[in-house]
2 protein chains.
Amino acid sequence: MNGLNDKSRRDLFRGSLEVMVLAVLVDGKQYGYSIQKRVKEASGQMIKAGSLYPLLHRLEADGLVKAHWESDTGRDRKWYTLTPAGQQQLKSAAADWQAAFARMSGLVLPALRQITHHRVTE
Amino acid sequence: MNGLNDKSRRDLFRGSLEVMVLAVLVDGKQYGYSIQKRVKEASGQMIKAGSLYPLLHRLEADGLVKAHWESDTGRDRKWYTLTPAGQQQLKSAAADWQAAFARMSGLVLPALRQITHHRVTE
DNA sequence: TTGGATATATCGATAAGCGATATATGTGGG
DNA sequence: CCCACATATATCGCTTATCGATATATCCAA
């Protein structure tokens with residue numbers, strides 16, 4: 001009836017945020033607002049501005065992305081690009097992310113199959 | 001080099017905790033300490049006692065599990081069993097958990113493939 | 001009898017997420 | 001021309017919640 005509770009959903013999302021933001025940048029430069037929309041579109045969940053911009057600043061401080069303002073597009077936008085370190089980080093973090101889910105799936109998915117294939121009150 | 005940072009790893013784990021605990025109970029009754037070990041074994045991550053017991057109490061308060069003490073085993077142990085509501089909850093939460101993962105994978109995995117199949121500094 | 005594993009439980013300092021808020025420009029419609 | 005809404009970035013500290021620390025007790029092996 002209920003499904004995954006909001007807290008769990010938020011935690012899953014939060015734990016995937018960095019990896020998703022780096023993933024969005026793999027195809028080339030993006031600016032904050034466009035990253036926000038792409039992640040929303042892909043994941044179904046919204047990165048709030050109050051979370052996104054601090055994260056972007058941290059990624060920049062860590063040298064995983066670099067940023068530059070571009071005003072010629074009409075609007076002022078701050079474009080972000082993966083640095084080589086950011087590409088490395090995307091590679092290892094995404095692999096870890098996948099591995100973590102794979103491990104946990106080994107517990108959750110058999111249970112799901114089991115509970116799905118017999119009457120609940122049996 | 002670094003992989004998924006600790007914060008992300010913890011958030012992912014935390015967001016999967018409830019589902020994993022319910023999943024462990026699908027095969028029959030377990031007590032706190034055994035749940036802790038089974039989740040550790042399956043996920044590679046430890047539920048700290050300070051997180052596990054409050055969670056178990058909450059699940060019980062929510063009617064998803066029921067508990068009874070059994071002392072005849074030698075040791076006093078508090079055994080937990082899924083209630084019908086808990087089985088329903090496992091079913092829907094595990095399905096949601098999987099779906100959330102699948103959606104985010106749609107963003108992360110293509111990026112991982114891409115970054116893996118070309119030189120990082122290219 | 002000492003130490004380590006087993007077993008459950010509580011609690012509050014500490015850390016942090018993000019809602020709220022601020023600022024400013026572009027744009028479509030009435 | 002002005003209103004409302006979408007676009008775009010940014011900061012801050014109130015509120016919330018985690019879990020390290022701690023307490024208690026039994027069992028077993030060395």
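Every chain is numbered from 1, with letters handed out A, B, ... down the list of sequences.
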**Student:** To the nearest Å, give me how far apart NZ (A/Lys40) and P (D/dT7) are.
**Tutor:**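 Rounded to the whole Å, the gap is 11 Å.
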
**Student:** Output the rounded distance in Å from CD (A/Gln45) to P (C/dG17).
**Tutor:** 16 Å

**Student:** Considering only side-chain heavy atoms of A/Tyr33, which listed nucleotide, C/dA9, D/dC19, D/dA6, is closest?
**Tutor:** D/dA6

**Student:** How many angstroms lie between atom CG of A/Leu12 and atom OG of A/Ser8, to the nearest 0.5 angstrom?
**Tutor:**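 Reported value, rounded in 0.5 Å steps: 6.5 Å.
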
**Student:** Can you list every ring pair (Phe, Tyr, Trp, His ring centres under 6.0 Å) pair that touches residues 17-44 of chain A, not counting sequence neighbours?
**Tutor:** A/Tyr31-A/Trp79

**Student:** Calculate the interatomic distance between B/Arg58 atom CZ and D/dC19 atom P; express it in whole Å.
**Tutor:**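 Distance check: B/Arg58 CZ to D/dC19 P gives 14 Å.
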
**Student:** What nucleotide, of C/dC18, D/dA10, C/dT10, holds the atom closest to the side chain of B/Tyr53?
**Tutor:**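 So the side chain of B/Tyr53 is nearest to C/dT10.
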
**Student:** So, using ring-ring contact (aromatic ring centres under 6.0 Å, His included) as the criterion, who are the partners of B/Trp97 when residues are at least two apart?
**Tutor:**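 Scan of B/Trp97 (ring-ring contact (aromatic ring centres under 6.0 Å, His included), adjacent residues dropped) gives A/Phe101.
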
**Student:** Without decimals, in angstroms, what is the distance between A/Leu55 CG and C/dC18 P?
**Tutor:**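 These atoms are roughly 11 Å apart.
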
**Student:** Going by salt bridge (Lys or Arg N to Asp or Glu O under 4.0 Å), name the residues that satisfy it together with B/Lys29, two or more places apart in sequence or in a different chain.
**Tutor:**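 B/Lys29: salt bridge (Lys or Arg N to Asp or Glu O under 4.0 Å) contacts with B/Glu70.
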
**Student:** At less than 4.0 Å, is any side-chain N or O atom of A/Ser51 found next to OP1 or OP2 of C/dC18? Yes or no.
**Tutor:** yes

**Student:** Test: side chain to side chain donor-acceptor pair (under 3.5 Å). Region: residues 98-112 of chain B. Which pairs qualify, not counting sequence neighbours?
**Tutor:**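 Passing the test, one end in residues 98-112 of chain B: no pairs.
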
**Student:** More 5' along DNA chain C: B/Tyr80 or B/Lys37, using each one's nearest nucleotide?
**Tutor:**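 Its nucleotide being nearer the 5' end, the pick is B/Lys37.
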
**Student:** If a protein heavy atom is under 4.0 Å from the base, mark B; if only from the sugar-phosphate, S; if neither, -; do that for nucleotides 22-30 of chain D going 5' to 3'.
**Tutor:** ----BS---

**Student:** Consider only side-chain N and O atoms of B/Asn2 and A/Gln88, and report whether a donor and an acceptor are under 3.5 Å apart.
**Tutor:** no

**Student:** Answer yes or no: does a side-chain N or O of B/Lys48 lie under 4.0 Å from OP1 or OP2 of D/dA21?
**Tutor:** no

**Student:** Could you work out, with salt bridge (Lys or Arg N to Asp or Glu O under 4.0 Å) as the rule, every residue matching B/Arg58, not counting sequence neighbours?
**Tutor:**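 B/Arg58 satisfies salt bridge (Lys or Arg N to Asp or Glu O under 4.0 Å) with B/Glu18, B/Asp62 only.
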
**Student:** B/Leu52 CG to C/dA9 C1': how many Å, rounded?
**Tutor:**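 Going from CG in B/Leu52 over to C1' in C/dA9 covers 11 Å.
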
**Student:** How many whole angstroms separate atom NE2 of A/His57 from atom P of C/dC18?
**Tutor:**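 Rounding to the nearest Å, NE2 of A/His57 and P of C/dC18 are 16 Å apart.
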
**Student:** Got a sec, which pairs hit ring pair (Phe, Tyr, Trp, His ring centres under 6.0 Å) with one end in residues 35-60 of chain A, sequence neighbours left out?
**Tutor:**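 Checked against ring pair (Phe, Tyr, Trp, His ring centres under 6.0 Å) - neighbours excluded - no pair reaches residues 35-60 of chain A.
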
**Student:** For nucleotides 12-17 of chain D, give me every protein contact, N/O to N/O, under 3.5 Å, one pair per line with atom names.
**Tutor:**
none

**Student:** Measure CD1/A/Ile47 against P/C/dG19 and give the value in whole Å, please.
**Tutor:**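 Computing the A/Ile47:CD1 to C/dG19:P distance gives 13 Å.
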
**Student:** Tell me the interatomic distance from B/Asp76, atom CG, to C/dA9, atom P, rounded to whole angstroms.
**Tutor:**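 Rounded to whole Å, this separation is 11 Å.
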
**Student:** Could you pull out every donor-acceptor pair under 3.5 Å between side chains of residues 37-50 of chain B and any protein atom, sequence neighbours left out?
**Tutor:**
{"residue": "B/Ser43", "atom": "OG", "partner": "B/Val39", "partner atom": "O", "Å": "2.7"}
{"residue": "B/Ser43", "atom": "OG", "partner": "B/Gln45", "partner atom": "N", "Å": "3.0"}
{"residue": "B/Ser43", "atom": "OG", "partner": "B/Gln45", "partner atom": "O", "Å": "3.3"}

